[in-house]
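Heads up: the structure comes next, in structure tokens.
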Amino acid sequence: MAERIVINTGPLIALASSDVIDIVGKLPYEFFCPQEVRNELDNGQTRAYLKIKPTWLTVLPCASPLHPVAVASLDVGEAAVIQLAMEQGIGRVCIDESKGRRTAQAVGLKVTGALGLLARAKTLGLVPALAPLVERMIHHGAWYDPELVRRVLAGVGE
């Protein structure tokens with residue numbers, strides 16, 4: 001059975017804009033996102049951004065309104081990702097932004113990001129090399145701390 005993961009807008013945009021989103025769909029995860037993330041993606045599309053509608057992504061609504069404190073301190077998508085994971089008993093989230101990552105960890109969730117997903121693809125043999133994919137993501141506007149990139153690449157032997 002595939003591990004379940006709730007994914008945020010940022011990683012989806014980074015993966016799609018770099019044309020590597022299909023690789024992620026081959027991972028042994030069942031991907032979910034809250035309606036708020038789907039709305040952010042759709043709103044971006046109306047402003048001429050990429051159409052991001054991977055077939056492997058299931059949209060689930062949060063059972064209750066987002067907590068005002070979470071929305072005050074996080075992006076709506078991040079707050080919804082964390083809340084949905086907690087409501088559904090999903091132990092892992094995919095968030096790239098540091099504040100959202102720290103908050104998710106603080107409530108006991110395991111956290112990965114777009115780089116982590118691609119590193120997993122490399123370890124499973126779905127891609128021959130990670131560095132070119134990371135370079136493509138950075139070229140297309142994603143920003144990652146250089147030390148993080150170095151650690152992720154070293155972790156997969158690159």
Side-chain angles (χ1 to χ4, degrees), residues 1-121 124 126 130 133-134 136-138 140-145 147-149 151-152:
M1 181 172 172
E3 182 180 358
R4 300 182 310 156
I5 186 169
V6 182
I7 191 167
N8 191 33
T9 311
L12 288 166
I13 291 171
L15 294 162
S17 64
S18 310
D19 202 27
V20 294
I21 198 162
D22 291 337
I23 294 167
V24 172
K26 296 175 183 174
L27 291 171
Y29 290 120
E30 191 176 354
F31 286 94
F32 298 93
C33 77
Q35 186 62 52
E36 290 81 357
V37 166
R38 181 71 261 158
N39 293 345
E40 288 178 345
L41 294 171
D42 292 343
N43 289 339
Q45 186 181 333
T46 63
R47 289 185 238 138
Y49 291 119
L50 287 173
K51 178 181 178 180
I52 303 172
K53 290 196 175 199
T55 57
W56 44 261
L57 181 63
T58 302
V59 179
L60 292 175
C62 289
S64 57
L66 297 180
H67 194 282
V69 172
V71 175
S73 60
L74 298 173
D75 170 273
V76 170
E78 293 165 0
V81 163
I82 293 167
Q83 182 169 316
L84 181 64
M86 293 175 67
E87 288 176 356
Q88 295 289 326
I90 297 172
R92 185 177 300 273
V93 295
C94 181
I95 299 174
D96 278 348
E97 298 79 7
S98 60
K99 191 183 247 187
R101 292 172 69 88
R102 283 192 308 271
T103 303
Q105 289 170 331
V107 297
L109 297 171
K110 294 177 188 169
V111 180
T112 192
L115 295 180
L117 293 178
L118 291 177
R120 181 83 191 271
L124 293 174
L126 299 174
L130 181 57
L133 302 178
V134 174
R136 190 181 324 163
M137 290 172 66
I138 291 169
H140 288 291
W143 185 88
Y144 299 103
D145 180 277
E147 177 59 19
L148 173 65
V149 171
R151 285 194 328 262
V152 170

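All residue numbers refer to positions in the sequence shown, counting from 1.
- Of all heavy-atom pairs between R101 and I95, the closest is NH1-O, 2.8 Å.
- Heavy atoms only, all atoms of each residue included: Y144 and A114 are closest at OH-CB, 3.5 Å.
- Using a cutoff of 4.0 Å between basic side-chain nitrogens and carboxylate oxygens, K99 and E78 are not scored as salt-bridged.
- Interatomic distance, C62 SG to Q88 CD, rounded to the nearest 0.5 Å: 8.5 Å.
- Atoms CD1 and CG, from I90 and L109 in turn, are 10.0 Å apart once rounded to the nearest 0.5 Å.
- V76 and E36 make their closest contact through CG1-CG, 3.7 Å (heavy atoms, listed as atom of the first residue, atom of the second, distance).
- Under 3.5 Å, the side chains of N8 and E97 contain a donor-acceptor pair of N or O atoms.
- Evaluation of the salt bridge (Lys or Arg N to Asp or Glu O under 4.0 Å) test over residues 18-28, restricted to residues two or more places apart or in two chains, returns none.
- Closest heavy-atom contact between C94 and L117: SG-CD1, 3.6 Å.
- When each of L60, L66, V59 is paired with L84, the side chain to side chain contact (heavy atoms under 4.5 Å, CB included) condition holds for L60 and for no other.
- Taking all atoms of both residues into account, the shortest heavy-atom contact from L124 to P28 is CD1-CD, 3.5 Å.
- Atom CD1 in I52 sits 7.0 Å away from atom OG in S17 (nearest 0.5 Å).
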Give the intermediate values and the outcome of side-chain contact (heavy atoms from CB on, under 4.5 Å) for residues T103 and S73.
CA-CA 9 Å; T103 303; S73 60; 5.6 Å; no
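- Contact check for I7 versus V37: no side-chain heavy atoms found under the 4.5 Å cut-off.
- Considering only residues two or more places apart in sequence or on other chains, E87 meets the side chain to side chain donor-acceptor pair (under 3.5 Å) condition with S64, Q83.
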Set out, in order, the CA-CA distance, both residues' side-chain angles and the distance that settles side-chain contact (heavy atoms from CB on, under 4.5 Å) for T9 and I13, then state yes or no.
CA-CA 6 Å; T9 311; I13 291 171; 3.5 Å; yes
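- For the pair R120 and Y29, the cation-pi test (distance below 6.0 Å, angle within 45°) is passed.
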Applying side-chain contact (heavy atoms from CB on, under 4.5 Å) to L12 and F31, what does each step give before you reach the verdict?
CA-CA 11 Å; L12 288 166; F31 286 94; over 6 Å; no
May I have the step-by-step check of side-chain contact (heavy atoms from CB on, under 4.5 Å) for V134 and V152, ending in yes or no?
CA-CA 10 Å; V134 174; V152 170; 5.8 Å; no
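- Contact check for R92 versus R4: no side-chain heavy atoms found under the 4.5 Å cut-off.
- The nearest pair of heavy atoms linking A85 to V93 is CB-CG1, 3.7 Å.
- Under the 4.5 Å side-chain criterion, counting only non-hydrogen atoms from C-beta, I5 is in contact with T112.
- At distances below 3.5 Å, at least one donor-acceptor pair connects side-chain atoms of R136 with backbone N or O atoms of S18.
- Rounded to the nearest 0.5 Å, atoms CG (L130) and CE (M137) are 9.0 Å apart.
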